[in-house]
Number of protein chains: 2
Amino acid sequence: MKGLEYVLLAGLWVEPRSGYDLAHWFQRAAHYYWAAHHSSIYPTLAGLEQAGLVTHQLVPSEQGPKRKVYRLTETGKDTLQMWISQPPQPPEVRDEQPVKVLAIDLLSPEEGIRHLEAAKSRAQEQRDMYSALLLQLSAEEDDRPQRQWLGPRLNLMRGIQIQEGYVRWCDEAIALLQASTPRLEAREK
Amino acid sequence: MKGLEYVLLAGLWVEPRSGYDLAHWFQRAAHYYWAAHHSSIYPTLAGLEQAGLVTHQLVPSEQGPKRKVYRLTETGKDTLQMWISQPPQPPEVRDEQPVKVLAIDLLSPEEGIRHLEAAKSRAQEQRDMYSALLLQLSAEEDDRPQRQWLGPRLNLMRGIQIQEGYVRWCDEAIALLQASTPRLEAREK
DNA sequence: CGGCGCATGTAACGGGTTACATGATTCC
DNA sequence: GGAATCATGTAACCCGTTACATGCGCCG
């Protein structure tokens, strides 16, 4: 079994969802640790169903066509549990931003700082998004306290922490760039 | 042009390197923001050379066959600069670890804590590796102070910070797991 | 003289992205 | 009636990984 299959099992373990829901989940809460488009999600869900790891139920949507809401079967849960027990593969990342930082000396200090400010803004936006999701989760937790929301909560906490770290790093980097060009401060005055 | 091509240009901007060097760089310093295997690096370098963005020089190695040490051409530098000036694409990540955390309630608290301790150890190892690389970089900086090592330095700082954040999160997560099972503490006494 | 680290390459295969395709419902 | 969001799917193509392949030079 390939990576995405287990990831979908984990996503469905948190709560039953449709392919559409999962696609949105990847774009928002899960974005900092996994990426997937709907065009890979739908076929994979179909495969999992054929393998007997998930089943779906047609649920009328408030708007648009009927939703195929998937949930884990017992076998699916067992498969997931076995996978969880094994150590994770090392993460794979493709992030252009640090690559661009590598050659930041190709930009003027002013431009470099502008880019870092932009990166900082993006990080703050992301942080706010994760914070909002965490608040939302807490509200849902009150409604159904029996549910195990520990995993999603831990991951949202991590998402917030990552973005806050990024913001701090941006500030340090900007400070370093400014220090390397004291004429900037002088001109400011 | 595709992502890897620009990344190689950036890697060669930092200093002239062989494909072998670049492969190792991806495994170590660049590992937290970009992944690439030698089998994709060599053909890509050849393509960049054909496009006139890099040139190579055969340099005898201390051990093994001659090294093809690549460096940017003027066109290569210009191409890189143009790419740097544009905003980066959003990062793409595949990290199994947070996915496994999602369903951490499928494990016993003891097992969950063991997994988090393991994750913490891995993060500490990585942090130490980045710290060592930063020290090494500082030493080289003394030798050739004219060189612009700002980019690599900033990225190593970021690597260290990421891993330290991870360690802190692991501690928080372990604490939460322990809090959710007070019987553990009780048994400890 | 075998094994390991250095060093560069090629080819098949697989998985995901981009683009194509369809249809329901609501709001303006 | 057109636009936007909801909702599910298919197919071609591209890129990168896995595996295959080769050869140097040192050390034990």
Side-chain angles (χ1 to χ4, degrees), chain A residues 1-8 11-12 16-28 30-31 33-51 54-70 89-96 99, chain B residues 1-8 11-12 16-28 30-31 33-51 54-70 89-96 99:
Chain A
M1 292 229 314
K2 48 187 175 179
L4 180 58
E5 295 181 315
Y6 291 108
V7 178
L8 292 183
L12 295 176
R17 285 163 153 138
S18 69
Y20 191 79
D21 292 336
L22 287 164
H24 279 263
W25 174 59
F26 282 120
Q27 278 175 30
R28 296 176 60 77
H31 188 251
Y33 58 89
W34 203 275
H37 293 223
H38 75 272
S39 57
S40 57
I41 294 170
Y42 289 122
T44 306
L45 282 173
L48 289 173
E49 184 155 45
Q50 271 216 319
V54 302
T55 42
H56 82 264
Q57 225 179 320
L58 278 176
V59 175
S61 136
E62 290 171 25
Q63 178 182 340
K66 284 184 182 168
R67 301 156 44 76
K68 288 167 93 165
V69 176
Y70 290 86
Q89 299 288 122
E92 265 180 54
V93 189
R94 312 266 155 128
D95 187 356
E96 290 188 350
V99 179
Chain B
M1 291 230 313
K2 47 186 176 179
L4 180 58
E5 295 181 315
Y6 291 108
V7 178
L8 292 183
L12 296 175
R17 285 163 154 138
S18 69
Y20 191 78
D21 292 336
L22 287 163
H24 279 263
W25 174 58
F26 282 120
Q27 278 175 28
R28 297 177 59 77
H31 188 252
Y33 59 87
W34 203 276
H37 292 223
H38 76 273
S39 58
S40 58
I41 295 170
Y42 289 123
T44 307
L45 282 173
L48 288 173
E49 184 155 45
Q50 271 217 317
V54 303
T55 43
H56 82 264
Q57 227 180 319
L58 278 175
V59 176
S61 133
E62 290 172 24
Q63 179 183 339
K66 284 183 182 170
R67 299 156 45 77
K68 287 167 93 165
V69 176
Y70 289 85
Q89 298 288 123
E92 265 179 55
V93 188
R94 312 268 153 130
D95 187 356
E96 290 188 351
V99 179

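Residue numbers start from 1 in every chain, and the chains themselves are labelled A, B, ... in the order their sequence lines are given, proteins ahead of strands.
- For the pair B:Tyr20 and C:dT8, the criterion of a side-chain N or O lying under 4.0 Å from OP1 or OP2 is not met.
- Taking atom CG on A:Leu45 and atom P on D:dG9, their separation rounds to 8 Å, with Å as the unit.
- Comparing the start and finish of the helix from C:dC1-D:dG28 to C:dC28-D:dG1, five pairs each, the helix axis swings through 20°, to the nearest 10 degrees.
- Relative ring orientation between B:Tyr70 and B:His56 is described as tilted, the plane-to-plane angle lying within the 30° to 60° band.
- Between B:His56 atom NE2 and C:dG9 atom P there is a gap of 8 Å when expressed in whole angstrom units.
- Atoms CD (B:Glu49) and P (C:dT8) sit 12 Å apart, rounded to a whole Å.
- Between A:Lys68 and D:dG9 there is a side-chain polar atom (N or O) within less than 4.0 angstrom of OP1 or OP2.
- Among the nucleotides C:dG16, D:dT8, C:dT8, the one closest to the side chain of A:Lys2 is C:dG16.
- To the nearest 0.5 angstrom, A:Leu48 atom CG is 10.0 Å from A:Tyr6 atom OH.
- The distance from atom NE2 of B:His31 to atom NE2 of B:His24, rounded to the nearest 0.5 Å, is 13.5 Å.
- When the P atom of C:dA7 is taken as reference, atom CG of B:Asp21 falls 7 Å away, rounded to whole Å.
- Atom-to-atom distance recorded for A:Gln57:CD and A:Arg67:CZ is 11.5 Å, nearest 0.5 angstrom.
- Taking atom CD of B:Gln57 as the reference point, atom P of C:dT8 lies 14 Å away to the nearest angstrom.
- The distance from atom CZ of A:Phe26 to atom P of D:dA7 is 17 Å, rounded to the nearest whole Å.
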Review point. So B:Leu45 and B:Leu12, side chain to side chain contact (heavy atoms under 4.5 Å, CB included) or not? Walk me through it.
Key: CA-CA 10 Å; B:Leu45 282 173; B:Leu12 296 175; 4.1 Å; yes
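- Distance check: B:Glu49 CD to B:Thr55 OG1 gives 6.5 Å after rounding to the nearest 0.5 Å.
- Aromatic ring pairs are classed by plane angle as parallel below 30°, tilted from 30° to 60° and perpendicular above 60°; the pair B:His38 and B:Tyr42 is perpendicular.
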Practice item. For each nucleotide in nucleotides 17-26 of chain C, reading 5' to 3', give B when a protein heavy atom comes within less than 4.0 Å of its base, S when such contact involves only the sugar-phosphate, and - otherwise. Key: BBB---BBBS
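- In this structure, B:Trp25 CH2 and B:Ser18 OG are separated by 12.5 Å, a value rounded to the nearest 0.5 Å.
- How far CG of A:Leu8 is from CH2 of A:Trp34: 9.5 Å, rounded to the nearest 0.5 Å.
- For A:Leu22 and D:dT8, the CG to P distance is 10 Å, given to the nearest whole Å.
- Atoms OH (B:Tyr42) and P (C:dA7) sit 8 Å apart, rounded to a whole Å.
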